[in-house]
Engineer: 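Quick one: structure below, then a few questions.
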Amino acid sequence: MKLFRIIIFFILIGFYSTAHSEKLSATETQENNSLSKQMQHYLDSSAYLRNISSEQSIFVCQKAILLAEESEDPDLLSQSYKTQGINYYYSGTYDSAFVYYEKAIHQFEATNAQVDIGKVLGNIGLLYRKQGKYAKALEYYLKNLKIYKDLNYEEGLGSVFNNIGNLYFNTEEFDEAETYYQYALRNFIQFEKTLDIANAYINLGAICEKRKEFSESMDYYNKSLFENSKVGNVQFESKLLFNIGYLFHSQGQLDSAIKYVQKAEEIRIKIGDKDGIVSTKLELARIAIDQGKYDLAEKLLLKADEIARINNMLKWREEILTSLTKVYQTTKNYEKAFIHQNEMIRVRDSLNIIQINMRFEELSTEYETEKRKKELELLQQKSQIQHLELGKKNAWIIILMIVMLLGVVVILVSLRINRLRVDHKIMDLRQKVLLTQMNPHFLFNSLTAIQSFILDKKTIEANNYLSRLANLVRGILENSREEFVSLRTELETLQDYIGLQKLRFENEIDYEFIVDKNIDQEQVLVPPMLAQPFVENALIHGMLRNNPNARIQVIISLNKAMDVLRFKIKDNGIGINEAKKQNENKNHKSIATSIALDRVKIYNFKSSKKMHFEIVDLKQLDSSLQGTQVCFSIPLNIQN
């Protein structure tokens with residue numbers, strides 16, 4: 001029984017919780033619906049007030065924006081921002097319109113509302129056209145068109161065609177403008193858009209007016225009046241009244257022209273349409289000029305220029321300043337005429353007419369070939385062309401990569417071949433070095449000297465000589481297989497070589513090895529027998545054998561940075577210049593020196609640290625000296 005009561009208790013709790021939750025959910029839904037309805041009421045009121053008072057329209061829409069920002073709902077935010085952008089557009093406050101359109105796009109992107117993004121892009125294009133920045137306007141119209149084509153949103157194409165027609169109209173390409181106005185009209189009729197149909201008729205009437213076809217122009221305006229009467233749009237009515245006034249002006253009926261233009265101005269002042277106010281004042285000023293009322297014209301133009309300047313209406317400013325220049329020239333006020341003409345030129349330059357014409361030529365090329373076809377088909381064809389071009393680019397990229405890869409392979413193979421050549425050169429040099437160090441003439445003389453000692457029964461001298469020769473030959477053979485040997489081994493081999501050579505000569509040859517005390521001869525490594533060819537040259541070609549005071553000095557030191565080993569070999573022979581002259585007469589060339597220089601070149605090729613080499617005749621340093629000085633530096637190499 002107790003268990004049964006517990007179960008019943010939990011069931012009641014669960015039922016109460018569910019009911020309470022459903023009640024809360026219903027409350028939240030009601031609150032959201034209430035907020036949405038309140039928002040829609042503000043937005044509808046704002047759109048209605050747009051034809052009565054721009055200030056009131058903006059004020060009411062700001063209330064909707066505050067509610068939307070409080071809710072942080074992207075749907076509510078996007079619609080309120082877009083509506084406020086339209087309000088500022090109609091009031092002629094373009095900078096603020098730009099700000100709210102950009103905010104609206106950001107919110108539409110959050111909900112992926114592509115059609116609405118396209119509409120806002122088209123509205124931004126309208127802002128740029130009003131400022132006379134036709135290239136930027138075209139850029140946004142094409143973005144708008146692409147979105148509609150991607151979504152197959154044909155209902156929106158009419159507005160884009162109408163916008164493009166307006167661009168052609170502004171650049172006075174009236175045939176192209178008429179073509180796109182007709183495209184727009186057919187689309188508006190297809191989707192039964194009454195106000196847009198009226199707008200298309202008024203645009204076509206303006207084309208006829210430019211061509212002086214006044215009767216046809218009035219027919220289009222009457223059709224536009226009829227369509228607008230179905231919806232009663234006050235702002236559009238002001239536009240139509242203005243066009244009729246302009247038509248009367250074109251025919252010279254100035255009183256009728258003033259009547260209609262002033263009616264249009266009254267509506268525009270009432271609703272706060274700054275752009276429309278500028279255009280009506282400019283037209284009234286032009287009528288006053290034709291009437292010869294230049295003071296009135298000046299007053300109207302200055303007021304229009306003030307509004308246009310504050311709101312950055314560059315295209316209007318160009319026309320206003322042109323008319324002001326005309327007024328001042330006619331009244332012979334040349335100073336003001338000059339000032340306003342210069343200002344007009346500056347404004348015209350800022351409009352970038354050249355760039356605009358180039359962009360229109362591109363637009364014309366894109367659309368002329370497929371005028372009779374649907375815009376969606378054109379976009380698909382362009383997409384296919386882009387894919388083909390992308391394929392060609394990819395093919396070129398692949399070809400370029402293959403060429404680059406082949407180039408890398410060729411470079412690597414070339415480097416490998418060069419490396420093999422260098423290795424072969426090194427082997428060849430080692431053989432040549434061995435041959436120079438194992439000179440047959442030197443060996444023959446050494447063995448002859450040993451034989452002489454034996455015959456003379458000078459056993460100790462013969463044994464000493466033979467031991468030295470054996471040590472030298474063994475050292476040469478062992479060192480020839482090594483790339484580096486210790487400095488001590490190099491000096492011992494060099495000492496054995498000089499000692500054996502001394503036995504060949506009749507006079508005593510003094511030699512001296514001077515090694516820096518900071519050099520560890522066991523740890524420091526040097527290329528084997530690199531100094532030997534120069535000692536040999538001193539003994540043979542330096543004529544030290546005939547010099548009773550013959551002397552060779554080998555000095556080994558370190559540089560200040562302690563990273564380079566310096567060899568200096570000095571002798572007091574006849575000098576390198578005199579030796580060269582004697583060798584030229586004998587057609588003799590020092591092979592040992594040539595091989596040594598090749599060894600230096602190969603070392604420098606293989607190593608990032610370079611070996612430096614220099615041979616100097618001592619007379620060049622001091623005319624009182626005689627002999628040769630060989631200097632070479634080797635990057636310090638310490639064995640581990």
Side-chain angles (χ1 to χ4, degrees), residues 86 89-90 115-116 118-130 134 137-211 213 216-231 233 235-237 239-240 242-243 275 359-360 362-379:
I86 296 172
Y89 167 78
Y90 279 114
V115 171
D116 289 307
K119 290 178 180 179
V120 177
L121 290 173
N123 289 350
I124 292 175
L126 289 174
L127 288 174
Y128 280 120
R129 186 178 72 83
K130 287 291 186 180
Y134 299 144
L138 177 61
E139 178 185 336
Y140 277 86
Y141 289 158
L142 292 178
K143 288 180 181 179
N144 183 11
L145 180 62
K146 184 179 186 306
I147 289 176
Y148 286 173
K149 291 302 182 181
D150 290 343
L151 299 173
N152 198 22
Y153 181 61
E154 293 191 7
E155 185 177 350
L157 295 178
S159 63
V160 183
F161 293 148
N162 185 72
N163 290 337
I164 295 173
N166 287 336
L167 288 178
Y168 277 118
F169 184 88
N170 288 131
T171 56
E172 298 184 356
E173 299 176 68
F174 300 124
D175 291 340
E176 295 297 331
E178 183 181 16
T179 298
Y180 281 95
Y181 285 152
Q182 291 290 358
Y183 287 162
L185 178 61
R186 286 195 291 271
N187 183 271
F188 294 149
I189 292 173
Q190 178 185 352
F191 292 99
E192 299 179 353
K193 295 182 176 181
T194 303
L195 186 59
D196 290 327
I197 293 171
N199 189 57
Y201 281 138
I202 198 172
N203 288 338
L204 289 168
I207 294 288
C208 293
E209 186 176 327
K210 289 292 183 180
R211 293 172 177 166
E213 299 169 354
E216 291 83 349
S217 178
M218 187 59 74
D219 288 340
Y220 278 122
Y221 290 157
N222 286 331
K223 289 180 180 180
S224 182
L225 280 171
F226 175 74
E227 293 295 331
N228 187 57
S229 66
K230 298 177 184 179
V231 293
N233 188 296
Q235 185 148 14
F236 185 81
E237 182 184 356
K239 179 180 178 180
L240 191 52
F242 177 87
N243 281 30
D275 185 81
R359 294 300 298 272
F360 278 121
E362 294 175 3
L363 178 67
S364 179
T365 302
E366 292 174 357
Y367 286 94
E368 280 295 326
T369 56
E370 297 292 335
K371 280 183 178 179
R372 304 298 177 183
K373 294 182 181 180
K374 291 182 178 180
E375 293 297 325
L376 179 59
E377 294 175 359
L378 174 61
L379 189 61

Engineer: How far does CD1 of I207 sit from CD of E176, to the nearest 0.5 angstrom?
Structural biologist: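 Rounded to the nearest 0.5 Å, the CD1-CD separation comes to 10.5 Å.
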Engineer: Under a plain distance cut-off of 3.5 Å, with no hydrogens placed, do Y90 and D275 share a side-chain donor-acceptor pair?
Structural biologist: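 No.
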Engineer: Would a distance-only check, ignoring hydrogens and angles, find a side-chain to backbone donor-acceptor pair under 3.5 Å from N233 to N228?
Structural biologist: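 The answer is no, because no donor-acceptor pair under 3.5 Å joins these two groups.
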Engineer: Locate the shortest heavy-atom distance separating A137 from G125; write the atom from each residue and the value.
Structural biologist: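 Smallest heavy-atom distance, with atoms named: CB-O, 3.3 Å.
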Engineer: Can you confirm whether the side chains of N162 and N203 place a donor and an acceptor under 3.5 Å from each other?
Structural biologist: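 Note: N162 and N203 side chains meet the donor-acceptor criterion.
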Engineer: Output yes when E139 and K143 qualify as a salt bridge under the 4.0 Å nitrogen-oxygen rule, no when they do not.
Structural biologist: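 Judged by the 4.0 Å cut-off on N to carboxylate O distance, E139 and K143 do form a salt bridge.
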Engineer: Any idea which heavy atoms bring N163 and Y141 closest together, and the distance?
Structural biologist: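 Minimum heavy-atom contact is CB-CZ, 3.3 Å.
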Engineer: So, taking the atom named OH in Y181 and the one named CZ in F169, what distance separates them when rounded to the nearest 0.5 Å?
Structural biologist: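 One gets 6.0 Å once the value is rounded to the nearest 0.5 Å.
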Engineer: Taking only Lys NZ, Arg NE, NH1 and NH2, and the carboxylate oxygens of Asp or Glu, determine whether K223 and D219 approach each other closer than 4.0 Å.
Structural biologist: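 Judged by the 4.0 Å cut-off on N to carboxylate O distance, K223 and D219 do not form a salt bridge.
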Engineer: Tell me the closest heavy-atom pair linking N187 and E154, and the distance in Å.
Structural biologist: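 In terms of heavy atoms, the two residues are closest at ND2-O, 2.9 Å.
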Engineer: Ignoring hydrogens and angles, tell me if any N or O in the side chain of N199 forms a donor-acceptor pair with the backbone of L195 under 3.5 Å.
Structural biologist: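 No, the answer is negative, given that no donor and acceptor are paired below the 3.5 Å cut-off.
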Engineer: Does atom CZ of F191 have more than 12 heavy-atom neighbours from other groups under 6.0 Å away?
Structural biologist: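 Above 12, so yes.
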Engineer: Of the non-hydrogen atoms in A177 and G165, which two are nearest, and what is the gap between them?
Structural biologist: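 Shortest heavy-atom separation between A177 and G165 comes out as CB-O, 3.4 Å.
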Engineer: Under the 3.5 angstrom rule, does the side chain of N144 hit a backbone N or O of Y140 as a donor-acceptor pair?
Structural biologist: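 No: the side chain of N144 does not pair with the backbone of Y140.
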Engineer: Between Y168 and F174, is the ring centre distance below 6.0 Å?
Structural biologist: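 Between F174 and Y168, which both carry aromatic rings, the centre distance is not below 6.0 Å.
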Engineer: How close do A184 and G158 get, heavy atom to heavy atom, and via which atoms?
Structural biologist: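 Nearest pair, atom of A184 first, then G158: CB-O, 3.4 Å.
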Engineer: Would you check if there is a donor-acceptor pair between the side chains of N170 and R129 at a distance under 3.5 Å?
Structural biologist: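 Yes.
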Engineer: Quick one: pull up OG1 in T171 and OH in Y134 and give me the separation to the nearest 0.5 Å.
Structural biologist: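 These two atoms lie 7.5 Å from each other.
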Engineer: Which pair of heavy atoms, one from F161 and one from Y183, lies closest together, and at what distance?
Structural biologist: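 Of all heavy-atom pairs spanning F161 and Y183, the closest is CD1-CB, 3.6 Å.
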Engineer: Side chains of L157 and R186, heavy atoms from C-beta outward: is any pair under 4.5 Å?
Structural biologist: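 Counting from C-beta outward, L157 and R186 never come under 4.5 Å.
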Engineer: Does a side-chain heavy-atom distance below 4.5 Å link E155 with K193?
Structural biologist: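 They are in contact (side-chain heavy atoms under 4.5 Å apart), so the answer is yes.
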Engineer: Is there a side-chain contact between I202 and Y221 (heavy atoms, below 4.5 Å)?
Structural biologist: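 Yes, side chains in contact.
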Engineer: Working to the nearest 0.5 Å, report the span between CG of L142 and CD1 of I147.
Structural biologist: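 The distance works out to 11.5 Å.
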Engineer: Measuring from L145:CG to Y153:OH, what's the distance to the nearest 0.5 Å?
Structural biologist: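 With rounding to 0.5 Å, CG (L145) is 13.5 Å from OH (Y153).
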